[in-house]
Number of protein chains: 2
Amino acid sequence: MSKCESCIVREFNSLKSLSREELMRVSACKTGKIFRKGQVIFEEGETLNGVYCVKDGVCKLTKLSENGKDQVVKLVVKGGLLGKRSLVTEQKTNLSAVALNDMEMCFIPKSEIMEDLNKNPKFTMDVLKTMAHDLKESDESLVNMAQKSVKRRMAEILMYIHDNFGTDDEGYLSIVISREDYASIVGTATESAIRILSQFKKEDIISTRGKQIKIEDYNALKWME
Amino acid sequence: MSKCESCIVREFNSLKSLSREELMRVSACKTGKIFRKGQVIFEEGETLNGVYCVKDGVCKLTKLSENGKDQVVKLVVKGGLLGKRSLVTEQKTNLSAVALNDMEMCFIPKSEIMEDLNKNPKFTMDVLKTMAHDLKESDESLVNMAQKSVKRRMAEILMYIHDNFGTDDEGYLSIVISREDYASIVGTATESAIRILSQFKKEDIISTRGKQIKIEDYNALKWME
DNA sequence: AATAAAAGCTGACAAATATCATATTTTCTT
DNA sequence: AAGAAAATATGATATTTGTCAGCTTTTATT
């Protein structure tokens with residue numbers, strides 16, 4: 001397994017604020033973990049004893065609603081850290097994490113990373129900034145949920161995935177998820193999500209190949225009422 | 001104006017993690033501000049050059065949606081700090097703050113508080129914990145918006161206000177806001193909010209006196225489908 | 001106290017979204 | 001390659017929520 005000091009993933013997250021010595025210490029006690037598509041990384045209510053650093057693959061963070069449906073709160077890709085909030089508050093996790101495809105992750109035990117959090121102000125500030133960013137994003141999603149139509153929300157999530165996670169060489173969104181997941185992100189019934197995507201297809205705004213989606217007319221999504 | 005060192009409000013927020021010396025320094029440069037009901041404290045997109053500490057009164061944090069409607073993201077009462085996120089990220093604020101009744105606040109300039117944020121790890125950790133808590137709350141609201149009916153959301157906001165901000169000696173909710181604000185919290189049309197509150201009245205779940213609302217049957221709200 | 005303005009209320013109807021039923025296609029398993 | 005299982009698709013219908021219009025009550029202003 002590669003060492004943290006030389007891991008490029010680190011460039012994308014708060015670990016970049018750690019010194020070489022700190023990184024070596026973290027590296028020495030981390031464990032590599034592989035999760036298969038669909039596998040649960042952790043579940044709402046669990047006590048996490050560390051954080052996961054995503055090296056490859058995508059996962060969804062979800063929360064179970066009282067109506068029994070899961071709501072996707074966030075998608076996490078390479079460079080993301082899972083379990084930050086629980087680490088900071090020392091509470092059980094309020095979200096579940098499920099792999100959307102095969103994932104490669106590093107697990108860093110709590111004790112190790114807590115030490116850095118308490119002793120390296122640069123690191124603490126960096127985690128704080130990430131959390132502030134997450135909060136802003138969450139507030140924005142809240143407003144979208146409350147004020148926009150399902151169709152509009154679907155258009156926005158397609159653009160979000162396109163802009164943040166990119167496409168493969170043929171132009172298909174590089175994150176491939178089920179219609180059920182789309183429904184769970186947008187906050188609607190699976191049938192409604194399917195219906196809207198079908199409509200987009202009919203209007204040549206997107207095209208599909210199996211689960212894969214390609215945006216054909218970005219502006220149509222952007223300017224959709 | 002009273003001094004920060006002896007201000008009880010401090011007990012409710014992150015400032016409690018500051019040392020006596022730090023508090024005296026903060027106190028020396030703070031300015032007291034009064035905002036009248038309906039007055040705008042700051043507006044989305046503004047550059048804040050400090051944080052506000054709420055000594056008395058209530059305000060709403062809102063975000064403007066593209067459809068032109070404001071969405072209430074959070075209610076802030078005594079002890080709350082406004083502008084934390086902007087302080088940490090050094091970005092323009094993403095929310096507006098409007099006083100819901102007459103408010104008494106202290107304004108602490110950015111330069112002063114930033115110094116503490118960079119030098120007092122206990123304070124930084126405390127701000128981090130508050131932010132983590134806000135994030136959790138925001139995620140929960142997101143799920144509620146996405147998965148629950150307007151009626152259910154209204155029931156929950158009534159209970160939330162009851163549980164977190166209490167009632168006066170007659171049992172009326174101590175936070176008194178317009179139906180329009182209720183609509184904006186719940187994320188619905190004003191008429192729909194009014195309709196639902198009227199229905200609750202008919203079913204004797206709540207009673208009203210002008211704008212004031214009293215919860216008569218908490219369990220009915222709790223177990224509402 | 002009179003008037004104006006704002007907030008609250010209600011009905012009628014339209015639009016958006018959910019639910020249920022059922023077919024079709026894709027993917028997985030053997 | 002065949003069959004089973006899961007995912008996708010679509011129609012019919014019910015429910016929820018939004019919009020518009022007009023009316024009543026409360027609050028603010030003179």
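Numbers restart at 1 for each chain; the letters A, B, ... are given by sequence-line order, proteins then strands.
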For the helix from C:dA1-D:dT30 to C:dT30-D:dA1, figure out the bend between the end axes, five pairs an end, and round to 10 degrees.
60°

With a 4.0 Å cut-off (strictly under) to non-hydrogen atoms of chain A, the first and last hit nts on DNA chain D, 5' to 3', are D:dA7 to D:dA12

Do A:Gln71 and A:Ser65 have a side chain donor and acceptor closer than 3.5 Å?
no

Base contacts versus sugar-phosphate-only contacts with protein, heavy atoms under 4.0 Å: please encode nucleotides 11-30 of chain C as B, S and - from 5' to 3'.
BB----SSBB----------

Please examine the side chains of A:Lys136 and B:Thr89, heavy atoms only from C-beta on, and report whether any two atoms are closer than 4.5 Å.
no

Excluding sequence neighbours, so at least two apart, what forms ring-ring contact (aromatic ring centres under 6.0 Å, His included) with B:Phe107?
B:Tyr52

Any chance you could lay out the side chain to side chain contact (heavy atoms under 4.5 Å, CB included) test for A:Ile157 and A:Ile161, step after step, and finish with the verdict?
CA-CA 6 Å; A:Ile157 188 62; A:Ile161 291 176; 4.1 Å; yes

With sequence neighbours left out, what residues match B:Glu112 under salt bridge (charged side-chain N to carboxylate O under 4.0 Å, His left out)?
B:Arg25

Is there side-chain contact between A:Met103 and A:Ile41, with heavy atoms separated by less than 4.5 Å?
yes

Inter- and intrachain pairs under salt bridge (charged side-chain N to carboxylate O under 4.0 Å, His left out), touching residues 156-170 of chain B, at least two apart:
B:Lys148-B:Glu156, B:Arg152-B:Glu156, B:Glu170-B:Arg209

Is B:Phe165 close to B:Leu75 at the side-chain level, that is, under 4.5 Å between some pair of heavy atoms?
yes

How many whole angstroms separate atom CD1 of B:Ile206 from atom P of C:dG8?
12 Å

